[in-house]
Number of protein chains: 2
Amino acid sequence: MVTIRDVAKKSGVSVATVSRVLNANGYVHEDTRKKVMAAVAELKYSPNEVARSLYKKKSKLVGLLLPDITNPFFPQLARGVEDEMQKGGYRILFGNSDENAEKELDYLNTFIQNNVVGIISATNNKAKNNYKNLSIPVVFLDRTSSDYPSVYADGKEGGRIAAQEIVERGSKRITILKGPAHIQPAQDRFQGALEVLSQSNIDFHVMSTTSFAFEDAEKWAKELFATYPDTDGVLASNDIVATAVLHEALRLGKSIPKELQIIGFDDVPQSSLLFPSLSTIRQPAYEMGKEAAQLLVKIINQEKIQQQQVQLPVTFIDRNTTRKVDTNG
Amino acid sequence: MVTIRDVAKKSGVSVATVSRVLNANGYVHEDTRKKVMAAVAELKYSPNEVARSLYKKKSKLVGLLLPDITNPFFPQLARGVEDEMQKGGYRILFGNSDENAEKELDYLNTFIQNNVVGIISATNNKAKNNYKNLSIPVVFLDRTSSDYPSVYADGKEGGRIAAQEIVERGSKRITILKGPAHIQPAQDRFQGALEVLSQSNIDFHVMSTTSFAFEDAEKWAKELFATYPDTDGVLASNDIVATAVLHEALRLGKSIPKELQIIGFDDVPQSSLLFPSLSTIRQPAYEMGKEAAQLLVKIINQEKIQQQQVQLPVTFIDRNTTRKVDTNG
DNA sequence: CTTAAATGTGTAAACGGTTACATATCGGTT
DNA sequence: AACCGATATGTAACCGTTTACACATTTAAG
């Protein structure tokens, strides 16, 4: 391993001077700068970030904690974070929490131990006090929070839009699939839908679900049609659940969207590939990741931030599990 | 920040002794061990990995380089790697290369600068000499290599199986979609299929494609049916491309699998959710990730390894874009 | 021409751990 | 009682950087 000392020796200056040219810090004569750069090139020297990090008590690393990269909503988020962080020269220390408080804490610890400059967390459990005594900035992603910086989509509004659209398109007996109680965004969606539906004169049911795994979703889909066979509209808690409902409905020979309309949530990439393609409420996952990264970088750089909370808009994606709206009213 | 010195002071011993109890190293009296542990608990001390890493010239970090986490094949791989690494106490430094040699080199550099103990790379460009002078172990994932440890699925065999199955099920005019030339696994699949088809007396065409992006795939799908309208069997280079072909075929009103059979590659999670669900050659992505992680850990620990190359088997997943095989021969 | 400020460079002390080496005590064997 | 290995602990060097401080030289101002 070639160190700063080797460079110093080769260029005939002290390590301090080498350090100064590398960091464009303090005074250094142009001639010596050139000599040093030449030595750097010749020796293919690149500074040891670990040593740097130790002295400065700051690395160029940020921690990214996601519930599960295998859930198709998260790769987009992660990519947004990564692309943006890369620009600022930051690297990603990555972990999956499985929404498990212990795992989460474990990761948080190792993030700290590795001197990360900041953390982006998209986890949703109540173990908020895991974050209480952190000395470094955290931004929450896909998760509302009034006391921390956070970036999220307008879930409640999404729920409202979904309900409005499905009603407008003629569903009369709607079932809302309420997502897991501990996942805040799922609750927001539910509240939005509830708000609209309860103010209408439409019959509706609420079914609670406890995970976002496809295998579980298949069971609830079956249960849904067993319990409420005359449902003609489903507001699903996300696209995975919507997909399971779609499958079960097709299996039962229901005609979609004629007899049954379905609206998902997220607009995961595969939703447009389903048949019929899934109407859904789109969250701009990639942009959310980018926003979170930008916000964190600003905080790290101690820039003034106007808004600690960044709420991104949500849009209805009108595909083929909903009917075309009757423009004659 | 509480350091080892604080713990030493609180427990009335030297830092060396504290270090010894923390690492269960050398002799330490049971009574002092208890005193130290008490101080550790009271101060909530946890050692600074950066300092440790600097002295030992070894961190608990491994670098993971993927082409693009947004491609649905990779989250599974990543999760396999992460789960396995987590067990050994290793953390993941993560990057997307976009198959771009410059980005790849950039990440490799920062991995090194951060003292990672090993690297897992799933990239496919020819910039192999990026890895030539690395002083730390690398294992390649989803990529064959005779000179480096690597974990991959048997792509050639997969190509053979796909060709055999589609022929056995009665396709007579087959089009092979050959994946990007620089992606080795795609070429292996192609070679396997080619081998079987050229030994048969079946008509077939080969169409070259240059990426795995869905938007591009849609174009090739259109081109495919424009150029070879009487194709009755498609061997796609992966599930994304197969999905695009499936979509285009449905749009053209083709009956699947009656008029047209399609076989994909990878068995990405969404493939079972398509309609009709996609027959495909399954690569055990999660297991591949785990295997790669296990192999890397063994190399790090200097354990004897029997096989530098780990080839995992590939299986045909018989869904609904292929006909049922005629058991009467 | 004198002097202060600006420029240029080196020495050594941090950063927070680990460990080689030195030293001291303990327990068991002859 | 003398001796030796095992046990127990402390001191200080080291890992590769950055930077405070000291010092020397150049430049600009009066």
Side-chain angles (χ1 to χ4, degrees), chain A residues 1-37 39-40 43-61 89 109-117 135-136, chain B residues 1-37 39-40 43-61 89 109-117 135-136:
Chain A
M1 174 184 254
V2 25
T3 77
I4 198 171
R5 246 163 278 273
D6 301 321
V7 177
K9 187 172 291 177
K10 169 140 256 160
S11 43
V13 300
S14 75
V15 292
T17 299
V18 176
S19 177
R20 276 189 281 256
V21 348
L22 289 169
N23 298 289
N25 237 350
Y27 295 113
V28 82
H29 196 277
E30 181 57 22
D31 294 351
T32 53
R33 207 189 66 80
K34 277 182 184 152
K35 268 192 306 186
V36 170
M37 290 312 280
V40 165
L43 297 173
K44 289 194 177 44
Y45 167 75
S46 84
N48 181 325
E49 276 299 327
V50 176
R52 212 173 239 182
S53 170
L54 177 61
Y55 183 86
K56 305 250 247 170
K57 302 188 178 188
K58 268 191 180 211
S59 68
K60 291 295 268 179
L61 264 27
N109 269 337
T110 59
F111 287 167
I112 298 296
Q113 290 177 343
N114 282 285
N115 263 4
V116 300
V117 267
S135 50
I136 56 167
Chain B
M1 177 182 253
V2 24
T3 77
I4 198 172
R5 252 161 273 273
D6 301 321
V7 177
K9 187 172 290 178
K10 169 140 256 156
S11 44
V13 299
S14 74
V15 293
T17 300
V18 176
S19 177
R20 277 189 280 256
V21 348
L22 289 169
N23 298 289
N25 238 350
Y27 294 112
V28 86
H29 196 278
E30 180 58 19
D31 294 351
T32 54
R33 207 188 66 81
K34 277 182 184 151
K35 268 193 306 184
V36 169
M37 290 312 280
V40 165
L43 297 173
K44 290 191 176 45
Y45 168 76
S46 84
N48 181 326
E49 276 299 329
V50 176
R52 212 172 239 182
S53 169
L54 178 60
Y55 183 86
K56 304 250 245 169
K57 301 188 177 189
K58 268 191 182 211
S59 68
K60 290 297 267 182
L61 264 27
N109 269 336
T110 59
F111 287 168
I112 299 295
Q113 289 177 344
N114 282 285
N115 263 4
V116 300
V117 267
S135 51
I136 55 167

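Lettering of chains follows the sequences in order, A, B, ..., and the numbering in each one begins at 1.
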Task: Name of the residue among A:R20, A:K9, A:R5 meeting side-chain contact (heavy atoms from CB on, under 4.5 Å) with A:V15 - done: A:R5
Task: Contacts of A:T110 that satisfy side chain to side chain donor-acceptor pair (under 3.5 Å) - sequence neighbours left out - done: B:R91
Task: Distance in angstrom units between A:L22 CG and D:dT19 C1', rounded - done: 14 Å
Open item on the list: Between B:V7 and B:L43, is there a side-chain heavy-atom distance shorter than 4.5 Å?
Closed with: yes
Task: Other residues, nucleotides, ligands: >12 heavy atoms within 6.0 Å of A:K35 NZ - done: yes
Task: Pairwise 5' ranking along DNA chain D for A:R52 and B:A51, keeping only the more 5' one - done: B:A51
Name the pairs: protein N/O against N/O of nucleotides 10-13 of chain D, kept only if under 3.5 Å.
from	atom 1	to	atom 2	distance (Å)
D:dG10	OP2	B:S14	N	2.7
D:dG10	OP2	B:S14	OG	3.0
D:dG10	OP2	B:T17	OG1	2.8
D:dG10	N7	B:R20	NH2	2.8
D:dG10	O6	B:R20	NH1	3.3

Task: Sub-4.5 Å side-chain heavy-atom contact between B:L22 and B:V40 - done: yes
TODO: Specify the closest pair of heavy atoms between B:A8 and B:S14, including all atoms of both residues, with the distance to one decimal.
DONE: CB-C, 3.8 Å
- [ ] Could you check how far CE of A:M1 sits from C1' of D:dC15, rounded to whole Å?
- [x] 10 Å
Task: Non-hydrogen side-chain atoms of A:V2 and A:K44 separated by less than 4.5 Å - done: no
TODO: Specify the separation, in whole Å, of atom CD1 of B:I4 and atom C1' of D:dT9.
DONE: 14 Å
Task: Spacing of CG belonging to A:N114 relative to OG belonging to B:S53, to within rounding of 0.5 Å - done: 8.0 Å
Open item on the list: Between B:I136 and B:F111, is there a side-chain heavy-atom distance shorter than 4.5 Å?
Closed with: no
Open item on the list: Just N and O in the side chain of A:N48: are any of them under 4.0 Å from OP1 or OP2 of D:dC15?
Closed with: no
Task: Nucleic acid contacts - residues 29-36 of chain A versus DNA chain C, non-hydrogen atoms under 4.0 Å - done: A:H29, A:T32
Task: Of the listed nucleotides D:dT19, D:dT18, D:dT9, the one nearest the side chain of A:N23 - done: D:dT18
Open item on the list: Between A:N25 and D:dT18, is there a contact of a side-chain N or O with OP1 or OP2 at under 4.0 Å?
Closed with: no
Task: Straight-line distance of A:M1 CE to B:K57 NZ, nearest 0.5 Å - done: 6.5 Å
Open item on the list: Under 4.0 Å from a heavy atom of chain B: give me the 5'-most and 3'-most nucleotides of DNA chain C that qualify.
Closed with: C:dG16 to C:dT19
TODO: Kindly write out the residues that satisfy salt bridge (charged side-chain N to carboxylate O under 4.0 Å, His left out) with A:R52, not counting sequence neighbours, or none if the list is empty.
DONE: A:E49
- [ ] Find the distance B:Q113:CD to D:dT18:C1' and express it as a whole number of Å.
- [x] 16 Å
Open item on the list: Once you apply a heavy-atom cut-off of 4.0 Å, does A:S19 come out as touching a base, just sugar-phosphate, or nothing?
Closed with: base
- [ ] Check whether any side-chain heavy atom of B:S19 sits under 4.5 Å from a side-chain heavy atom of B:I4, and report yes or no.
- [x] yes
- [ ] Report the distance from atom OG of A:S59 to atom CG of A:L54, rounding to the nearest 0.5 Å.
- [x] 11.5 Å
TODO: Verify the contact: side-chain N or O of B:Y27 to OP1 or OP2 of D:dA8, cut-off strictly under 4.0 Å; return yes or no.
DONE: no
Task: Terminal axis angle for the helix from C:dC1-D:dG30 to C:dT30-D:dA1, five pairs an end, nearest 10 degrees - done: 50°
Open item on the list: Is there a side-chain contact between A:N115 and A:L61 in this structure, where contact means two heavy atoms from C-beta onward sitting under 4.5 Å apart?
Closed with: no
